[in-house]
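Here the structure is laid out as structure tokens; the discussion comes afterwards.
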Amino acid sequence: MVDGLRPSGAALSGQVDAAMRAVPRHVFVPDVSLERAYGPDPVVTHRDGDGVPVSSASAPATVAGMLEDLDVRPGHRVLEIGAGTGYNAALLARLVGPTGSVTTIEYDEAVASAARAALSGLGAAVTVVHGDGMLGVPGQATFDRIVVTAGAWDVQGLGGSS
Ligand SMILES: C[S@@+](CC[C@H](N)C(=O)[O-])C[C@H]1O[C@@H](n2cnc3c(N)ncnc32)[C@H](O)[C@@H]1O
């Protein structure tokens, strides 16, 4: 999966490359085949009563690009809006290392609960909060990095420092 991320030949940074090789994506999308789990596409994990997708694991190339842009360093305090499967939070936990912290917020309770279970099964030190990311997580602020992996109208007032 990681080898296929940059067909143009541009390399991932060492940290993002190592994190994506270390964190098993299939743990976060347990209902699909390994081929799908490690394929190039997003994987829908939850749908509403009408069958409309409400949560997914983003495409690996999107995840990698966002992590590169975020420039996470060891020791950072990171907030993610939109826990989804928890996969990106697990990658963030690798990037911040034992001296950093990752908080992720998810407004769908069933999705939050599944993410929490997958993350704790892997031993990833991530705090999964059930709530609306639009309000931020003031109890855990401040943050060195905030990443929004959900649709957003605005990025003001999340309680971050950058
Ligand atoms: C594309 S998925 C996130 C993918 C996730 N980062 C991962 O690694 O699997 C978007 C998620 O954001 C959640 N979401 C959307 N708006 C939100 C909000 N205002 N607050 C919290 N979660 C939100 C959705 O319920 C959905 O689970």
Side-chain angles (χ1 to χ4, degrees), residues 1-2 5 12 15-17 19-34 36-72 76-96 100-141 143 145-160:
M1 179 187 83
V2 178
L5 283 178
L12 292 177
Q15 300 92 310
V16 172
D17 184 280
M20 293 192 79
R21 288 180 195 279
V23 175
R25 191 170 187 248
H26 70 277
V27 168
F28 297 91
V29 288
D31 296 333
V32 302
S33 66
L34 286 176
R36 286 271 294 132
Y38 292 98
D41 300 318
V43 177
V44 172
T45 55
H46 293 78
R47 296 176 186 272
D48 69 12
D50 297 322
V52 176
V54 293
S55 190
S56 61
S58 304
T62 303
V63 173
M66 290 179 77
L67 289 175
E68 293 288 0
D69 288 346
L70 198 60
D71 187 26
V72 179
H76 271 170
R77 296 176 58 80
V78 179
L79 172 65
E80 177 190 45
I81 311 287
T85 62
Y87 174 62
N88 191 54
L91 294 169
L92 289 167
R94 295 280 308 195
L95 293 171
V96 302
S101 73
V102 177
T103 301
T104 184
I105 182 164
E106 167 61 52
Y107 68 8
D108 183 310
E109 192 162 15
V111 173
S113 168
R116 201 175 285 120
L119 285 160
S120 80
L122 273 187
V126 173
T127 302
V128 180
V129 176
H130 172 227
D132 186 352
M134 197 153 177
L135 304 174
V137 186
Q140 300 280 336
F143 301 103
R145 297 287 188 273
I146 297 174
V147 58
V148 181
T149 62
W153 295 107
D154 203 347
V155 289
Q156 295 179 30
L158 291 172

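In each ligand, atom 1 is the first atom listed, and ligand 1 is the first ligand listed. Keep in mind that the numbers below use all heavy atoms, side chains included, and drop hydrogens, waters and symmetry copies. Treat the numbers as computed from the prediction; the structure is a model and nothing was measured.
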Of the listed options (Arg25, His130, Met66, Glu80), which comes nearest to atom 6 (N) of ligand 1 when hydrogens are ignored and any heavy atom counts? Glu80

Only heavy atoms of Ala57, strictly under 4.0 Å: list the atoms of ligand 1 that pass. 9 (O)

What is the nearest protein non-hydrogen atom to atom 19 (N) of ligand 1, stated with its residue, atom name and distance? Asp132 OD1, 2.8 Å

At a 4.0 Å cut-off, with the gap strictly under it, does some heavy atom of Ala83 reach an atom of ligand 1? yes

Sub-3.5 Å donor-acceptor pair from the side chain of Arg145 to the main-chain atoms of Asp71, do we have one? yes

Which protein non-hydrogen atom lies closest to atom 2 (S) of ligand 1, naming both residue and atom, and how far is it? Ser56 O, 3.3 Å

Under 4.0 angstrom from ligand 1, any heavy atom of Gly131? yes

Can you find an N/O atom of Gly82 closer than 3.5 Å to an N/O atom of ligand 1? yes

One pair to check against side chain to side chain contact (heavy atoms under 4.5 Å, CB included): Met20 and Leu5. What are the steps and the verdict? CA-CA 10 Å; Met20 293 192 79; Leu5 283 178; 3.9 Å; yes

Note: Thr104, heavy atoms under 4.0 Å from ligand 1, region reported as neither

When you measure from the side chain of Thr149 to the backbone N and O of Gly82, does any donor-acceptor pair fall under 3.5 Å? yes

What is the minimum heavy-atom distance between Ala125 and Ala93, and which atoms define it? O-CB, 4.3 Å

Could you check whether any side-chain N or O of Ser101 sits under 3.5 Å from a backbone N or O of His76, counting only pairs where one atom can act as donor and the other as acceptor? no

For atom 15 (C) of ligand 1, what's the nearest protein heavy-atom neighbour? Residue, atom name and distance, please. Ala150 CB, 3.4 Å

Minimum heavy-atom distance between Thr45 and Phe28, given as atom pair plus value: CG2-O, 4.4 Å

Which ligand 1 atoms are under 4.0 Å away from a heavy-atom of Ser58? 1 (C), 4 (C)

Among all protein heavy atoms in this structure, tell me which lies nearest to atom 10 (C) of ligand 1, with the distance rounded to 0.1 Å. Thr149 O, 3.3 Å

Within the 4.0 Å heavy-atom shell around Ile105, which atoms of ligand 1 are there? 21 (C), 22 (N)

Show me which atoms of ligand 1 lie under 4.0 Å from any heavy atom of Asn88. 6 (N), 8 (O)

Give the residue, atom name and distance (to 0.1 Å) of the protein heavy atom nearest atom 9 (O) of ligand 1. Thr85 OG1, 2.6 Å

Please output the side-chain donor-acceptor pairs of residues 127-138 that fall under 3.5 Å, not counting sequence neighbours, one pair per line with the distance.
| unit_1 | atom_1 | unit_2 | atom_2 | d |
| --- | --- | --- | --- | --- |
| His130 | NE2 | Tyr107 | O | 3.3 |
| Asp132 | OD1 | Met134 | N | 2.9 |

Which residue and non-hydrogen atom of the protein lie closest to atom 11 (C) of ligand 1, and at what distance in Å? Glu106 OE1, 3.7 Å

Val102, Leu91, Leu92 screened by side-chain contact (heavy atoms from CB on, under 4.5 Å) with Val72, the one that passes: Leu92

Side chain, backbone, both or neither: Val63 near ligand 1, heavy atoms under 4.0 Å: neither

Any non-hydrogen atom of His46 lying under 4.0 Å from ligand 1? no

Is it true that a side-chain atom of Glu80 and a backbone atom of Val147 form a donor plus acceptor pair closer than 3.5 Å? no

In this structure, atom 22 (N) of ligand 1 is nearest to the protein heavy atom Tyr107 N, 3.2 Å

Does an N or O anywhere in Asp108 fall below 3.5 Å from an N or O of ligand 1? no

With sequence neighbours left out, write down each residue that passes salt bridge (charged side-chain N to carboxylate O under 4.0 Å, His left out) with Asp41, or none if nothing qualifies. none

Between ligand 1 and Gly133, is the shortest N or O to N or O distance under 3.5 Å? yes

Does the side chain to side chain contact (heavy atoms under 4.5 Å, CB included) test come out yes or no for Asn88 and Leu67, once each step is laid out? CA-CA 9 Å; Asn88 191 54; Leu67 289 175; 3.6 Å; yes

Is there a nitrogen or oxygen of Ser55 sitting under 3.5 Å from a nitrogen or oxygen of ligand 1? yes

Least distance between heavy atoms, Met1 atom then Pro60 atom: SD-CG, 3.7 Å

How long is the span from the OH atom in Tyr38 to the NE2 atom in His26, to the nearest 0.5 Å? 4.5 Å

